[in-house]
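Only one structure is covered here, and it is reproduced in the block below.
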2 protein chains.
Amino acid sequence: MLDHNRLSIIAEVIRGHKIGNQHDLKEHLKGRGFDTTQSSISRDLKKLGVVKVDGYYKTPSIAPGESSKVDRLDATTAGDNLIVLKTGPGNANRAGVIIDRANIIGILGTIAGDDTIFVAVANRQTQAKVLRKIFALFD
Amino acid sequence: MLDHNRLSIIAEVIRGHKIGNQHDLKEHLKGRGFDTTQSSISRDLKKLGVVKVDGYYKTPSIAPGESSKVDRLDATTAGDNLIVLKTGPGNANRAGVIIDRANIIGILGTIAGDDTIFVAVANRQTQAKVLRKIFALFD
DNA sequence: CACCCTATGCGAATTTTTTGCATAAAAACA
DNA sequence: TGTTTTTATGCAAAAAATTCGCATAGGGTG
């Protein structure tokens, strides 16, 4: 079914609920069997590249109209070596070119389809860094 | 300047000298301050995806003009399940087709963009084998 | 300042990776 | 096929990296 590691549960909770602080998130996680501390949550959020917008956490994403360079952009990670980006139909290539040109250290390769981009990275540490750099490009 | 870890030194030595066995490589490394064992070298070569061609080791890469089928080809691995191949602009599709047609056992799927190909494999063992088979195709 | 929220240095515990040894497996060659 | 050379690997110890909680520092807001 679902990936039961803590990071993915956090992403799931953030997408499904309005979470305004790490303590609330802690409670949600506890309800799902992950009893951890605020410290760890802080570090997890960093790894996920989660950002706080209007007081609530959200997974790294650019909403429609938020950027002039792409119609929208949502990121998820698949394992430690892949970042999956979704755009609106027909926008992936343009976004892919922007990413390629930025020559971000840590990116091993990029492939864009119609509305999806795969970005290969070397490891989990790189993954978090690259994610942040990509979103910086479009912000 | 250069990365001074053992893996990059090995790649450098292999590119600069005709190395026909791991014992010779061991000697070269010793000369450069890396006193290690044949076991480790064997494992390093595997990590690098180094292949033996005509009795000599070479890094997984096809230089411009070296193959009639592709302009150039360089491989890296991203984790245990992905191989990332880079070609010159516009060449990835042609190379991808060649790989697909070869029906290499162990390849779970292939996607080609403009100058990049992602090859999904099941695990690290498969990864090394597949890498060798791919380069055999273009040699 | 007082309060709330988040980030981080540190050390302990855990997990992962690396390494050499011995040896098995494979390849090369007679 | 038998012998030799070359390469791969199971295993256990050592080394390195990661995870985690605690305590606390830092940031922001009123």
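The sequence lines fix the lettering, A, B, ..., with proteins before strands; numbering per chain opens at 1.
In the interface, the side chain of B/S39 is not paired with the base of D/dA8 through any donor and acceptor atom under 3.5 Å apart. Side chain B/S42 to base D/dT6: no donor-acceptor pair is found below 3.5 Å.
Taking atom CD of residue B/Q38 and atom C1' of nucleotide C/dA26, one finds them 12 Å apart after rounding to whole Å. Following rounding to the nearest Å, B/L45 (CG) and D/dT7 (P) show an atom-to-atom distance of 8 Å. Put simply, CG on B/D35 is 13 Å from C1' on C/dT19, counting in whole angstrom units. B/I10 has its CD1 atom 13 Å from the C1' atom of C/dT18, to the nearest Å. Atom CG of A/L7 and atom C1' of D/dT19 are 12 Å apart (whole Å). In this structure, B/D44 places its CG atom 7 Å from P of C/dT19, rounding to the nearest Å.
Contact annotation: A/Q22 reaches the phosphate of C/dA7 (side-chain N/O to OP1 or OP2, under 4.0 Å). One finds a side-chain N or O of A/K52 lying less than 4.0 angstrom from the OP1 or OP2 phosphate oxygen of C/dT6. Dashed line: the shortest gap from a side-chain N or O of B/K46 to OP1 or OP2 of D/dT7 is not under 4.0 Å. Look at A/R43 and you won't find any side-chain N or O under 4.0 angstrom from OP1 or OP2 of C/dT6. Taking 4.0 angstrom as the limit, B/T36 places a side-chain polar atom (N or O) nearer than this to OP1 or OP2 of C/dG20. Contact between the side-chain N/O atoms of A/S40 and the OP1/OP2 oxygens of D/dG21 is found at a separation under 4.0 Å. Applying the 4.0 Å criterion to OP1 and OP2 of C/dC5, one finds that A/Y57 has every side-chain N and O outside that range.
Within a 6.0 Å radius of NZ in A/K52, other residues, nucleotides and ligands contribute more than 12 heavy atoms. At most 12 non-hydrogen atoms from other residues, nucleotides or ligands lie less than 6.0 angstrom from NZ of A/K129.
Within 4.0 Å of A/K26, counting heavy atoms only, lies no atom of the nucleic acid at all. Backbone-only engagement by B/G20 is indicated by non-hydrogen atom pairs under 4.0 Å involving sugar-phosphate atoms exclusively.
For A/N21, counting side-chain heavy atoms from C-beta on, the closest listed nucleotide (D/dT7, D/dG21, C/dT6) is C/dT6.
Each of A/D74, A/L131, A/L48 was evaluated against A/P60; a single residue qualifies, A/L131, per the side-chain contact (heavy atoms from CB on, under 4.5 Å) test.
With hydrogens and angles ignored, the 3.5 Å screen pairs a side-chain donor or acceptor of A/Q127 with a backbone N or O of A/L82.
The shortest side-chain heavy-atom distance between A/F138 and A/I99 falls under the 4.5 Å cut-off.
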